[in-house]
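Per chain, numbering begins at 1; letters A, B, ... match sequence-line order.
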2 protein chains.
Amino acid sequence: MEETWSYTSAECEKLKPERHALAREIVTQMAETWTLWTMAVLAEAGGPVRFSRVKERVEGVSQKSLTKTLRQLERDGLVTRALFPEVPPRVEYTITPLGIAMLEQVHPLWLWTVRNVEAFEKARRKYDERR
Amino acid sequence: MEETWSYTSAECEKLKPERHALAREIVTQMAETWTLWTMAVLAEAGGPVRFSRVKERVEGVSQKSLTKTLRQLERDGLVTRALFPEVPPRVEYTITPLGIAMLEQVHPLWLWTVRNVEAFEKARRKYDERR
DNA sequence: CGGGATCCTACCGGATACTG
DNA sequence: CAGTATCCGGTAGGATCCCG
């Protein structure tokens, strides 16, 4: 089986438009500001983490954005949310196997990008010089 | 060398904040609406493609968004832009080796997502049912 | 403590009109 | 043909207030 971008194109075209749209949505969300970072925090913890702890570790995120991010991840089965009806309330988030698998797919892309960051810096410098 | 998400975290933290931000920007842009599709079109062509041809093949893209997308890709060294000062003007875009390499990194993520799209559909159905 | 509701600002992307 | 310039609605995301 040939594993190239053209193969991806072919694989995508076999999908019904509806599913293709969903796949695109999933990938797009992974690149949203806080999504990857949040998942990484949950993966690193290796178990349930309270909302406050997540917010502490995902530095700079607002409560609103973190809530939205976690809702999306829960909706897509990438994390689970457990509510303990105590006083004060406790909510724990846990990454799922699907979430871990997703992270593992994103990993090589990140690693490659980080390792080639100098190439991008250089490209941008050249581009700016030409203006 | 262990190739896990935690390794990625470690690799990222070795970077200067400035470079880390650049890497994040690059990855984020790959997930923007038209970026991947545009690169795929250029990769598929295997050579220079005129602006109009790209616009035809990236179905639904506006001229403004395509221009912006191509500018970003050019800036990051992922495509080249060649202007031929004719009347009417001709502009050809070509994917670079760096662009091809980038596509190859994104490929497994896409493939995995497409192959697991049913898991995501199922998760969303369950989530909606619980409301 | 974990959010929901509200307000506000910035930016994104489409539609349209114009130009070298 | 390949843009640039302008307007404009929708959305992302922070700040703040409130509630169970």
* Closest-nucleotide ordering on DNA chain D, the 5'-leading residue of P88(A) and T33(A) ->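 Its nearest nucleotide lies further toward 5', so the answer is T33(A).
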Spacing between [X] atom [atom1] and [N] atom [atom2], to the nearest angstrom:
{"X": "E25(A)", "N": "dT11(D)", "atom1": "CD", "atom2": "P", "result": "13 Å"}
{"X": "Q29(B)", "N": "dC12(C)", "atom1": "CD", "atom2": "P", "result": "10 Å"}
{"X": "L70(B)", "N": "dA2(D)", "atom1": "CG", "atom2": "C1'", "result": "11 Å"}
{"X": "Q72(B)", "N": "dG3(D)", "atom1": "CD", "atom2": "C1'", "result": "16 Å"}
{"X": "E32(B)", "N": "dT11(D)", "atom1": "CD", "atom2": "C1'", "result": "14 Å"}

* Asked: Within the distance-only criterion (no hydrogens, no angle test), does the side chain of T28(B) pair as donor or acceptor with the backbone N or O of R24(B) below 3.5 angstrom?
  -> yes
* Which part of the nucleic acid, if any, lies within contact of R53(A), taking any heavy atom under 4.0 Å across all strands shown: a base, the sugar-phosphate backbone alone, or nothing? -> nothing
* To do: Just call it for F84(A): base, sugar-phosphate, or nothing, with non-hydrogen atoms closer than 4.0 Å on any strand.
  =>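 F84(A): no heavy atom of the nucleic acid under 4.0 Å.
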Between [N] and [X], is there an OP1 or OP2 to side-chain N/O distance shorter than 4.0 Å?
{"X": "R50(B)", "N": "dA2(D)", "answer": "yes"}
{"X": "W34(B)", "N": "dC12(C)", "answer": "no"}
{"X": "R81(B)", "N": "dG3(D)", "answer": "yes"}
{"X": "R71(B)", "N": "dT4(D)", "answer": "yes"}
{"X": "Y93(B)", "N": "dG3(D)", "answer": "yes"}

* Close side-chain approach of V49(A) to E92(A), heavy-atom, < 4.5 Å -> no
* **Validation row: M102(A), T113(B) side chains within 4.5 angstrom (heavy atoms)** =>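 Touching, per the 4.5 Å side-chain cut-off.
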* For the pair K126(A) and R130(A), evaluate side chain to side chain contact (heavy atoms under 4.5 Å, CB included) and give the outcome as yes or no after the intermediate values. => CA-CA 6 Å; K126(A) 275 192 185 173; R130(A) 279 200 300 274; 4.3 Å; yes
* Asked: Of the candidate nucleotides dT4(D), dG3(C), dC1(C), which contains the atom at the shortest distance from the side chain of P89(A)?
  ->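 Comparing dT4(D), dG3(C), dC1(C) against the side chain of P89(A), the answer is dC1(C).
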* Asked: Y93(B) and R50(B): side chain to side chain contact (heavy atoms under 4.5 Å, CB included), yes or no, with the steps?
  -> CA-CA 6 Å; Y93(B) 293 92; R50(B) 295 187 68 155; over 6 Å; no
* Structure fact -> Ordered by number, residues from residues 58-69 of chain A within less than 4.0 Å of DNA chain C (heavy atoms) are Q63(A), K64(A), T67(A)
* Which distance, rounded to the nearest 0.5 Å, do you find between the CG of L42(A) and the CG of L73(A)? ->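 It is 8.0 Å, given to the nearest 0.5 Å.
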* Are side-chain N/O atoms of T35(B) and T38(B) paired as donor and acceptor at under 3.5 Å? ->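 Absent: no donor and acceptor within the cut-off.
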